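Nothing here was measured: the structure is a model prediction, and the numbers come from that model. Position 1 is the first residue of the sequence; numbering continues from there.
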Amino acid sequence: MQTPNEIIHQPVRLKIMAALNTLAPNQWLEFVALRAIVDTTDGNLGAHLATLEAAHYVNIKKDFAGKKPRTRVCLSARGREAFSGYVATLHAILAIDSLGGAEASPTNTPNNNQ
């Protein structure tokens, strides 16, 4: 049986990848907006983004909006492919066939009347 991609499988990184995957290719999301979606601290988000960037799953762009520093994040093509593979792996794990065809039946479910 396949195992999920360990880089993506961590909960905060999974949220990051899922949020970025909803955007069109080459569409950037500001760090502040991503932080609000993921609901984490600046430092925690930055550390997870560094891990994803090292795996080439995200691109990070730092620039200025006027005089204010701005960080934006975009899912790379490799990141989209990795996320798609991650989702496919989860589907395979959850597929009834991968569980040996065991379907829930009255004899396999607990009896709540006892």
Side-chain angles (χ1 to χ4, degrees):
M1 178 183 303
Q2 290 180 321
T3 59
N5 180 319
E6 290 297 322
I7 294 171
I8 298 173
H9 196 61
Q10 196 286 334
V12 174
R13 290 193 293 265
L14 176 57
K15 288 179 187 179
I16 293 167
M17 295 293 286
L20 294 174
N21 192 61
T22 65
L23 303 174
N26 299 315
Q27 185 176 356
W28 296 83
L29 184 62
E30 289 201 26
F31 183 93
V32 175
L34 183 57
R35 183 189 64 210
I37 292 167
V38 175
D39 191 28
T40 191
T41 64
D42 287 358
N44 194 20
L45 179 57
H48 287 295
L49 286 174
T51 299
L52 293 170
E53 184 180 37
H56 304 284
Y57 290 174
V58 299
N59 297 314
I60 298 175
K61 185 187 296 185
K62 294 179 182 248
D63 59 9
F64 287 88
K67 293 184 179 185
K68 186 177 177 183
R70 174 177 63 177
T71 300
R72 294 181 290 165
V73 184
C74 177
L75 198 58
S76 69
R78 184 173 178 176
R80 284 188 188 280
E81 185 178 306
F83 187 73
S84 177
Y86 177 84
V87 171
T89 298
L90 291 183
H91 281 291
I93 290 169
L94 296 174
I96 208 81
D97 290 333
S98 71
L99 299 176
E103 293 183 288
S105 68
T107 58
N108 292 346
T109 56
N111 186 346
N112 292 331
N113 295 331
Q114 294 179 353

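Considering CG of Asn26 and CG of Leu75, their distance stands at 10.0 Å, rounded to 0.5 Å. The CD1 atom of Ile60 sits 12.5 Å away from atom CZ of Arg72, with the distance rounded to the nearest 0.5 Å. For the atom pair NZ of Lys61 and CD of Glu30, the computed distance is 11.0 Å after rounding to the nearest 0.5 Å. In this structure, CD on Glu53 lies 15.0 Å from NE2 on His48, to the nearest 0.5 angstrom.
Panel note: side chain Thr89, backbone Gly85; a donor-acceptor pair is recorded below 3.5 Å.
Across Leu49, Ile16, Asn44, Leu14, a single residue satisfies side chain to side chain contact (heavy atoms under 4.5 Å, CB included) together with Val38, and that is Ile16. With Leu45 as the fixed residue, the side chain to side chain contact (heavy atoms under 4.5 Å, CB included) test singles out one of Val32, Leu34, Val73, Asp39: Leu34. The one candidate from Thr41, Thr40, Asp42 that meets the side chain to side chain donor-acceptor pair (under 3.5 Å) condition with Arg35 is Asp42.
With contacts defined as side-chain heavy-atom distances shorter than 4.5 Å, the pair Tyr57/Arg78 qualifies. Taking 4.5 Å as the limit, every side-chain heavy atom of Gln2 sits out of range of all side-chain heavy atoms of Ile93. Within the 4.5 Å cutoff, the side chain of Ile8 has no heavy atoms near those of the Arg13 side chain. Within the 4.5 Å cutoff, the side chain of Leu52 has no heavy atoms near those of the Leu20 side chain.
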Q.
Please determine whether side chain to side chain contact (heavy atoms under 4.5 Å, CB included) holds for the pair Asn21 and Val87, giving the CA-CA distance in whole Å, both sets of side-chain angles, and the decisive distance to 0.1 Å.
A. CA-CA 11 Å; Asn21 192 61; Val87 171; over 6 Å; no

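By the 6.0 Å contact criterion, CD on Gln27 is enclosed, its count of non-hydrogen atoms from other residues, nucleotides or ligands being greater than 12.
By the ring pair (Phe, Tyr, Trp, His ring centres under 6.0 Å) test, His9 pairs with Tyr86, sequence neighbours left out.
Note on Trp28 and Phe31: separate hydrophobic clusters, where clusters join Ile, Leu, Val, Met, Phe, Trp and Tyr whose side-chain heavy atoms are under 4.5 Å apart, directly or indirectly.
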